[in-house]
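Single-structure report; data block below.
On a predicted model such as this, the values are computed, not experimentally measured, just so you know. Sequence lines set the chain letters: A, B, ... in the order given, protein chains first and strands last, and positions in each chain run from 1.
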Amino acid sequence: MEKIQTLRGFRDILGDERKKISFIENISRRYLSLFGFSEITIPVLEKTELFIRSIGDTTDIVEKEMFTFTDRSGESVSLRPEATAGMVRAYLQEGLYTKERVSKLFTIGPMFRHERPQKGRFREFHQINVEVFGVGDPLIDAELLWMVSLILNEIEVSNYKCEINSVGCPECREGFKKELMAYFKGYTDGLCDDCVKRLQRNPLRIFDCKNTQCTSISKESPLLFDHLCMPCREHFERFLTYLKEFNLFFTINKRLVRGLDYYTKTVFEFTSDELGAQKAFVAGGRYDNLIEGMGGPATPGCGFAIGMERLALLVKKEYTETQPNFFFAYVGEEARTYLIPVLKAFSKEGLRLRYSYEDKSLKSQMRYADSLHADYVLILGDEEIGKKIFIVRDMKQKRQSEMPLDLITLPQKITEHIHR
RNA sequence: GUGGAUGUAGCUCAGUUGGCAGAGCACCGGGUUGUGGCCCCGGUUGUCGUGGGUUCAAGUCCCAUCAUCCACCCCA
């Protein structure tokens with residue numbers, strides 16, 4: 001029979017990688033709570049329309065990367081390719097803007113994009129998504145970056161770069177696009193096919209092209225950054241001031257662009273060159289017109305996403321288990337009758353105990369205990385039952401001692417024994 | 001969607017000009033009638049990714065196909 005495997009780009013996450021992701025989640029939850037964020041869980045499947053309206057119908061994500069299908073009632077639905085759209089939908093649907101002045105929300109879960117997998121990129125991947133609705137001041141932009149840096153510091157990831165930029169607002173962008181198109185028109189022959197298309201649809205994307213000809217042409221082109229309108233320029237300047245007050249290290253990358261249409265003003269990316277070609281592991285920015293564009297009240301927004309699989313690749317920290325591992329080794333029929341009572345006594349004290357489910361030789365049980373990294377092995381056989389004792393073997397010290405065969409006092413005695 | 005590399009035991013991989021499918025690790029048992037890691041001995045594990053073709057004979061050569069990885073595109 002043919003074995004059934006996961007779909008391309010879908011994977012099981014287990015072992016060390018899963019531990020690292022849990023570690024990242026735990027630390028992140030702690031800081032998010034500290035900064036006043038509440039966790040929210042939103043659906044993985046939404047109406048396709050939601051993503052088209054928020055992300056933009058000419059973006060690659062919407063055009064060719066969504067898992068879209070019609071459900072049994074004939075409606076077009078899509079697995080979420082990112083979380084911000086759903087977060088905004090929930091914010092509006094749940095009427096949070098009527099309940100609180102500022103909403104600080106985060107969600108943790110899978111996203112889906114139908115792309116070709118490669119290092120650090122999968123069709124199903126996991127993000128922590130953080131959003132702030134209702135704050136227009138760049139202080140929040142800086143606060144978010146500060147929080148990210150604290151989380152990274154806590155998980156001991158330091159080999160990264162933080163890049164920032166401003167992509168302006170629709171007003172300064174429209175004026176600039178004309179200027180940019182005028183510039184590139186003079187070089188149409190030198191641009192690659194993709195960039196010729198981009199010229200019509202979204203000339204800002206030409207900056208992203210890695211084609212050497214295109215980069216040399218765009219290197220000399222005017223930059224949106226230098227053509228920001230006064231409010232956008234001022235927003236950015238204040239953002240810089242706050243970043244410095246938080247003592248954050250960053251570089252301004254005037255060519256940094258985002259793949260989603262809704263971004264305005266601040267955009268940022270945390271990158272690491274340990275990650276291969278997909279080097280951004282945290283990215284986000286401001287979206288001041290998105291909520292209004294989705295049918296809500298004019299509300300500014302700012303947020304970011306952490307790519308869990310990518311960040312996990314950067315986590316080097318080893319996890320040392322602090323809770324001891326106990327193992328119960330029994331020899332003979334009578335000893336086996338003690339198994340369940342011993343289990344009960346240990347679980348009552350919150351102690352972790354494992355054992356062999358099959359009646360094996362003591363040697364085999366000891367080997368098994370060792371493979372489970374047991375710290376202490378309780379040994380019970382006919383001899384011990386006769387003497388009314390347990391043997392407690394310290395696997396690290398290679399020493400063992402005797403303890404009374406009394407299940408009520410046993411866990412406590414062992415705990416005392418360990419701490420001696 | 002495009003390009004390159006790779007598919008042999010649970011894992012990492014070797015396999016010569018086509019000639020009986022291998023090693024290490026892991027796992028199980030024993031060496032010690034009841035004591036782990038190191039050591040020694042023994043044992044289990046395979047549609048050689050799949051389907052065709054060439055050949056007396058294919059893991060090896062040819063074609064197709066699927067999957068994985070890396071890169072492009074794009075992105076967390």
Whole angstrom is fine here: how far is it from [atom1] in [X] over to [atom2] in [N]?
X: E115(A); N: U2(B); atom1: CD; atom2: P; answer: 16 Å
X: R11(A); N: A67(B); atom1: CZ; atom2: P; answer: 18 Å
X: Q278(A); N: A76(B); atom1: CD; atom2: C1'; answer: 9 Å
X: K279(A); N: C72(B); atom1: NZ; atom2: P; answer: 11 Å
X: R116(A); N: C69(B); atom1: CZ; atom2: P; answer: 11 Å
X: F112(A); N: C75(B); atom1: CZ; atom2: C1'; answer: 16 Å
X: Q397(A); N: G36(B); atom1: CD; atom2: P; answer: 17 Å
X: L152(A); N: A76(B); atom1: CG; atom2: P; answer: 17 Å

With respect to the side chain of [X], which nucleotide from [options] is positioned closest?
X: E384(A); options: C69(B), G37(B), G34(B); answer: G34(B)
X: R310(A); options: C75(B), U32(B), G34(B); answer: C75(B)
X: R113(A); options: C73(B), A76(B), G30(B); answer: A76(B)
X: K363(A); options: G29(B), U35(B), A76(B); answer: U35(B)
X: K360(A); options: A67(B), G36(B), C28(B); answer: C28(B)
X: K398(A); options: G37(B), A76(B), G30(B); answer: G37(B)
X: A277(A); options: A76(B), C72(B), G36(B); answer: C72(B)
X: D370(A); options: C73(B), G37(B), G30(B); answer: G37(B)
X: R393(A); options: G34(B), G36(B), A76(B); answer: G36(B)

Please evaluate the base of [N] for a donor-acceptor partner in the side chain of [X] within a cut-off of under 3.5 Å?
X: Q400(A); N: U35(B); answer: yes
X: K396(A); N: G36(B); answer: no
X: R121(A); N: C69(B); answer: no
X: R367(A); N: G37(B); answer: no

For a quick check under 3.5 Å, do T84(A) and E131(A) share a side-chain donor-acceptor pair by atom type?
yes
T59(A) and D261(A): side chain donor to acceptor below 3.5 Å:
no
When the [atom1] atoms of [N] and [M] are considered, how many whole Å apart are they?
N: C38(B); M: G34(B); atom1: P; result: 23 Å
N: A71(B); M: A64(B); atom1: P; result: 27 Å
N: G29(B); M: C69(B); atom1: C1'; result: 39 Å
N: G31(B); M: U50(B); atom1: P; result: 41 Å
N: C56(B); M: G18(B); atom1: P; result: 15 Å
N: A9(B); M: G22(B); atom1: C1'; result: 10 Å
N: U12(B); M: G51(B); atom1: P; result: 23 Å
N: G1(B); M: A21(B); atom1: C1'; result: 40 Å

Can the ring centroids of F270(A) and F249(A) be said to lie less than 6.0 angstrom from one another?
no
is_close_aromatic(Y355(A), Y357(A)), centroid dist under 6.0 Å:
yes
Please confirm whether R286(A) makes a cation-pi placement over Y263(A), using NZ or CZ under 6.0 Å from the six-membered ring centre and within 45° of the ring normal.
no
Where does the angle between the aromatic ring planes of H227(A) and F176(A) fall among parallel (under 30°), tilted (30 to 60°) and perpendicular (over 60°)?
tilted
Name the orientation class of the two ring planes belonging to Y91(A) and F133(A) (parallel below 30°, tilted from 30 to 60°, perpendicular beyond 60°).
tilted
Which nucleotide, if any, forms a Watson-Crick or G-U wobble pair with [N], using both distances under 3.5 Å?
N: U60(B); result: none
N: C48(B); result: none
N: U32(B); result: none
N: C72(B); result: G1(B)
N: A67(B); result: U6(B)
N: U54(B); result: none
N: C27(B); result: G43(B)

State whether the aromatic ring of Y368(A) stacks on the base of G36(B), taking stacking to mean ring centres under 5.5 Å apart and ring planes under 30° to each other.
no
Is there a donor-acceptor pair under 3.5 Å between the side chain of S54(A) and the backbone N or O of L50(A)?
yes
Answer with base, sugar-phosphate or nothing: what part of the nucleic acid does [X] contact at a heavy-atom distance below 4.0 Å?
X: G276(A); result: sugar-phosphate
X: F327(A); result: nothing
X: I391(A); result: base
X: S371(A); result: nothing

Please tell me which of E309(A) and R399(A) maps to the more 5' nucleotide of RNA chain B, matching each residue to the nucleotide holding its nearest heavy atom.
R399(A)
Between Q118(A) and F281(A), which has a closest nucleotide on RNA chain B that is more 5'?
Q118(A)
Quick check on E49(A): does its CD atom have over 12 non-hydrogen neighbours (other residues, nucleotides or ligands) under 6.0 Å away?
yes
